[in-house]
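The analysis underlying the following values was restricted to heavy atoms, covering all of them including side chains, and did not include hydrogens, waters or symmetry mates. Letters A, B, ... are given to chains in the order of the sequence lines, protein chains preceding strands, and every chain is numbered from 1.
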Amino acid sequence: MSEQIPAVDDLPEQLRVRREKRERMLERGVEPYPVELPRTHTLREVRESHVDLPPDTKTGDLVGVTGRVMFLRNTGKLCFATLREGDGTELQAMLSLNEVGEQSLSDWKATVDLGDHVFVHGEVITSRRGELSVMADSWQMAAKSVRPLPVAHKDLSEETRIRQRYVDLILRPAAMETVRTRAGVVRSLRESFHQRGFLEVETPMLQTLHGGATARPFVTASNALGIDLYLRIAPELYLKRCVVGGIEKVFEINRNFRNEGIDSSHSPEFAMLEFYQAYGTYDSMAVLTRELVQEAAESVFGTQVVTLADGTEYDLSGEWTTLSMYDSLSEALGTEITPQTPVELLRKHADSRELETDPKLGHGKLVEALWEHLIGDHLYAPTFVRDFPVETSPLTREHRSRPGMAEKWDLYVRGFELGTGYSELVDPVVERQRLVEQSRLAAAGDVEAMPVDEDFLRSLEYGMPPSGGVGMGIDRLLMALTGLGIRETILFPLVRPE
RNA sequence: GGGCCGUUAGCUCAAUUGGUAGAGCUGCGGACUUUUAAUCCGUAGGUUCUGGGUUCGAGCCCCAGGCGGCCCA
């Protein structure tokens, strides 16, 4: 009947055998991939409606259930299979010679492999050992698997888990749990915003200028317009246009793209939350940020003391610590550091602490490097680090009382940067000066510096109310709440092609 | 970008000093009507990541490359 394609002969035995089983089903007129099955209950529904039955019970309840075969225990005249459905619920199916007859039982043994989706119709019973089961009166293939599942008793290699996440999800309940946790966190964020009267918007991912952050963009091109386009590195400049337009409480949860290194805490595409509030300041935004994180933890785990992947507990409750960057750096160095401290002196401090620095670094980047080395890397409890050098914060308002500092904070959680908040710079004249300075850096070869966005400046010229703004990485929020690496929190992280 | 480690059966991993490439699970054949990673008997399965080199002989040594991981910048 059906000709096998020649390549089948070259397949490893286990793949070949399963393909042949599929072929044999077709030859017998049995559909290996039926379009519809008479399912009456999910496995979960069967479990929930039959709790605490004693062993060897017959309920008289007839059900049709489906599931992926996770374990098979075939004896001569009685077969057991553990079925699992997507939410992780398992239910045992039993096939007895007495109930299904010789042909059906031998078909089962000859065609069903681990990993197949099957449909089983029969009575809900418990086995002699008390296992809740469906005693089949008939069964049917729901979808034949022609590729063997990796063994369930050994961990998959990390690479295979990431490259073939679908297999990871099938085999490892924790992988599925991470997906659920992430969905719960994002949902909680949206609910927190909606409760506070924020509007969710979607701003361009394809931009004619990249701005809103210092990062190297991905470049693409529009055939229709005949121009280069950038995948956005941040939504910031568009969200500020929203505030100018009168959307006074606005947020966006969407993807950013940065053409930079890939490691355990950086992914080239990552989900970002940004939110802006007219008449907010970096103080009020810090409170809101803390509440968002705490509400997410509460919503997903029912507690603000979360349990991380390594089993340790992490306390997100209550008020969080606040540090001043310059003050804490001064304390760590034992001498006062201010925005006026000369670059040469900062470099001396770096040298004396065995911190290698690029000789091209200016005051702002040196202060940040020193601070990260001496303090940031050791922060564990949730901490707002405030008042950054103004020169490295081109979109931030200068501090109202401490010249040379910006009203900006970084939120550190478990030693990494979770988010950043600002009292936004809304003076169009100062903003123009800052962007011109940035574009000068860009022209001088700084691939991370921003170009001048004239339309953005024009919007500011119409008048943007005093505002607070925050950016927070969703992937990093997941890392903070779960203790997982970034490649576990992203379902399909970018990997080099096989 | 640099250094180190890894890459072997469908999966997870062994392989002594350079001397016939193995195990468990999985698969296949058989037994078994209450199993729970079922058990028992039998059996199959390999481009040792790729290409070159040294050697009588290479999974192992050398060179180049791919992919992955860790550390450093």
For A:Thr82 and for A:Glu159, find the nucleotide of RNA chain B with the closest heavy atom, then tell me which residue's nucleotide is more 5'. A:Thr82

Hey, which of these two, A:Ser133 or A:Phe71, hits RNA chain B nearer its 5' end, going by closest nucleotide? A:Ser133

Of the listed nucleotides ([options]), which one gets closest to any side-chain atom of [X]?
{"X": "A:Lys77", "options": "B:G27, B:U33, B:G10", "answer": "B:U33"}
{"X": "A:Leu97", "options": "B:U33, B:U36, B:G27", "answer": "B:U33"}
{"X": "A:Lys21", "options": "B:C28, B:U34, B:A38", "answer": "B:C28"}

Check A:Leu95, A:Asn74, A:Thr75 against A:Lys109 for a side chain to side chain contact (heavy atoms under 4.5 Å, CB included) and give me the one that passes. A:Asn74

Contact check, side chains of A:Arg232 and A:Pro217, non-hydrogen atoms, under 4.5 Å: no

Give a yes or no on whether a donor-acceptor pair under 3.5 Å exists between the nucleobase atoms of B:U26, that is its base, and the side chain of A:Asp113. no

When you measure only distances, ignoring hydrogens and angles, does the side chain of A:Gln14 come within 3.5 Å of the base of B:G10 through a donor and an acceptor?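 By the distance-only test, yes, there is a pair.
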
Polar atom pairs (N or O), protein with nucleotides 11-13 of chain B, under 3.5 Å:
from, atom 1, to, atom 2, distance (Å)
B:U12, OP1, A:Ser157, N, 3.1
B:U12, OP1, A:Ser157, OG, 3.3

Counting any heavy atom closer than 4.0 Å, what does [X] reach on the DNA or RNA strands: base, sugar-phosphate only, or nothing?
{"X": "A:Asn98", "answer": "base"}
{"X": "A:Glu158", "answer": "nothing"}
{"X": "A:Lys109", "answer": "nothing"}

Interatomic distance where [atom1] belongs to [X] and [atom2] belongs to [N] [whole Å]:
{"X": "A:Glu90", "N": "B:A37", "atom1": "CD", "atom2": "P", "value": "10 Å"}
{"X": "A:Arg73", "N": "B:C40", "atom1": "CZ", "atom2": "P", "value": "16 Å"}
{"X": "A:Leu171", "N": "B:A37", "atom1": "CG", "atom2": "C1'", "value": "13 Å"}
{"X": "A:Arg18", "N": "B:G10", "atom1": "CZ", "atom2": "C1'", "value": "9 Å"}
{"X": "A:Arg16", "N": "B:G10", "atom1": "CZ", "atom2": "C1'", "value": "13 Å"}

When the ring centroid of A:Tyr380 is compared with that of A:Trp320, is the distance short of 6.0 Å?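 Centroid separation for A:Tyr380 and A:Trp320: 6.0 Å or greater.
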
